[in-house]
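Step one of this worksheet: look at the structure below.
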Protein chains: 2
Amino acid sequence: MIIIYSKFFSLEPEKRERIINAALKEFARNGYEKASTNEIVKEAEISKGSLFNYFNNKKELYLFLLDYVVEVIDQIYAEVDWNETDIFKRMKAIGLVKFKIYKKFPEAFNFLKAVAHEDATEVKSEIKEIGEQIIASGFERGYQNIDFTKFRDDIDIQKTINIINWTILGFAEQQRDEVDSFEDVGLEVFDEWDDYFDIMKRCFYKEEGE
Amino acid sequence: MIIIYSKFFSLEPEKRERIINAALKEFARNGYEKASTNEIVKEAEISKGSLFNYFNNKKELYLFLLDYVVEVIDQIYAEVDWNETDIFKRMKAIGLVKFKIYKKFPEAFNFLKAVAHEDATEVKSEIKEIGEQIIASGFERGYQNIDFTKFRDDIDIQKTINIINWTILGFAEQQRDEVDSFEDVGLEVFDEWDDYFDIMKRCFYKEEGE
DNA sequence: ATACCAAATGACCAAGTTGGTCAAGATTAT
DNA sequence: ATAATCTTGACCAACTTGGTCATTTGGTAT
């Protein structure tokens, strides 16, 4: 990929990321067809000519972004300790990783969500090979090694996991606004996560857990 | 309102709702500015001339929809029994009401969500007077008369309520796809709700509740 | 200073879409 | 048959679209 887009990758990283984020944002918000290259260059603060110098056309830019985002996410996800057996510790690790990605590419996940719903004929066939599994691999990515025996016996585990997921999702969305408001937000954001995990651990685990 | 839009309200109800739903959909998906009146008339299967006969211009149509949707939702919400003190029974009642609205105007809530994020200068000032409270009044609409003493003493009630809300929200979204797939779906959809409510009741309430 | 070159620019293009109009045709009521 | 009302879609000027390319820019080597 780097070889193909050598012109683009020899840019200063700051400029490169400005372009990536501008394009991700526009495609995420408007879908492939309605996304405007004019808007992208305006947001990225580069000229129209430059964009079409780095990428031959809109389609190429779009498919590059898809490849790139999947690669970046894969790469950072590899850092998670998949041997941790406690679901809440695992979830917190995943949350941290997602936060890292979000800080660098705020629209990456929205872009992927939009890709999953995309139906522009010009890119639909190319998208398919990526597969919905990878796209949806936010939280669903394997519960391998999770110790489910910690859960109470009188509740459905799959449904309980759904509750946990929806809670994380909902809380993350609520926090996003706050994160966006402040310039440089550190990991203190995660303190409140523990409150929610504590509640759920206390309620969903057998008494005297771990 | 009915007086102002008399031309529109003297249409056959079926046609009227077709237009409303087409417009809600287009505005919900694209926001005020990018929404296309051409798309609306195509989806509603009426002519361009008719639309601009019922409404003088795009802005008038948009503001009408906002008024109308708020009114419809208010009206149906009035049916809820606000004396019920059990939070899960209350939530189920609200869920039923929302389901009713959804069946008639599938894009109504998405439209309101889009309105809340709208920032087109042409309509922004007119929106403000509606106020975000009304817009966000999905589940947040008052926990009056709810008996919070049923909850365990060792968990934060506000956060627990958030968990309940996010669960309902997440489950509703998951179900929406299924609902859309079948032509006429009855209330059997709500059976699975009880499973989730049972889990949460068992976990969040004091033991031996009611 | 000069010559050179890659990178960046934005005016420009044809093609298409926009919100909105209105004369002409279709329907209904009298 | 006449009048009154609805509905239609071709049409409009204004604007946006993805993409091009002659020109300018800024840096480097001489």
**OP:** Please figure out whether B/Lys15 or A/Tyr32 has its closest DNA chain D nucleotide nearer the 5' end.
**Re:** B/Lys15
**OP:** Report the nucleotide, chosen from D/dG19, C/dG20, C/dT9, that has the shortest atom-to-atom distance to any side-chain atom of A/Lys58.
**Re:** D/dG19
Original post:
Rounded to whole angstrom units, what separation is found between the NZ atom of B/Lys34 and the C1' atom of C/dG19?
Top reply: 17 Å
Subject >> Residue B/Ser36, side-chain heavy atoms: nucleotide from C/dG19, D/dG18, D/dT7 that is nearest >> reply: C/dG19
Original post:
Taking the side chain of B/Asn38 as heavy atoms from C-beta outward, which of C/dT9, D/dG18, C/dT18 is closest to it?
Top reply: C/dT18
Original post:
Rounding to a whole Å, what distance do you find between A/Glu39:CD and D/dG19:P?
Top reply: 16 Å
**OP:** Give a yes/no on whether any side-chain N or O of A/Ser47 is located under 4.0 angstrom from OP1 or OP2 of C/dG10.
**Re:** no
**OP:** Calculate the interatomic distance between A/Ile46 atom CD1 and D/dT24 atom P; express it in whole Å.
**Re:** 22 Å
Original post:
Taking A/Glu39 for the side chain and A/Glu26 for the main chain, is one N or O donor matched with an acceptor at less than 3.5 Å?
Top reply: no
Original post:
Does a distance-only test, which skips hydrogens and angles, find a donor-acceptor pair under 3.5 Å between the side chain of A/Lys48 and the base of D/dG18?
Top reply: yes
Subject >> Whole angstrom value for the distance that separates P of C/dA7 from CD1 of A/Ile19 >> reply: 13 Å
Original post:
Just how far, in rounded Å, is P of C/dG10 from NZ of A/Lys42?
Top reply: 13 Å
**OP:** Round to a whole Å and report the spacing from CD of B/Glu12 to P of C/dT28.
**Re:** 10 Å
Original post:
Hey, are the side chains of A/Tyr102 and A/Arg176 touching, using non-hydrogen atoms and a 4.5 Å cut-off?
Top reply: yes
Original post:
Should A/Lys59 and A/Glu122 count as an ion pair when the cut-off is N to O under 4.0 Å?
Top reply: no
Subject >> First encountered from the 5' end of DNA chain D, between A/Phe52 and B/Tyr54 >> reply: B/Tyr54
**OP:** Select base, sugar-phosphate, or nothing to describe what B/Asn57 touches, counting heavy atoms under 4.0 Å on all strands.
**Re:** sugar-phosphate
Subject >> Basic-acidic side-chain contact under 4.0 Å: A/Lys89, A/Asp81 >> reply: no
Subject >> Close side-chain approach of B/Phe27 and B/Lys58, heavy atoms under 4.5 Å >> reply: yes
**OP:** Could you check how far CD of B/Glu60 sits from C1' of C/dT21, rounded to whole Å?
**Re:** 16 Å
**OP:** Please report, rounded to the nearest Å, how far the P atom of C/dA8 is from the CZ atom of A/Phe55.
**Re:** 13 Å
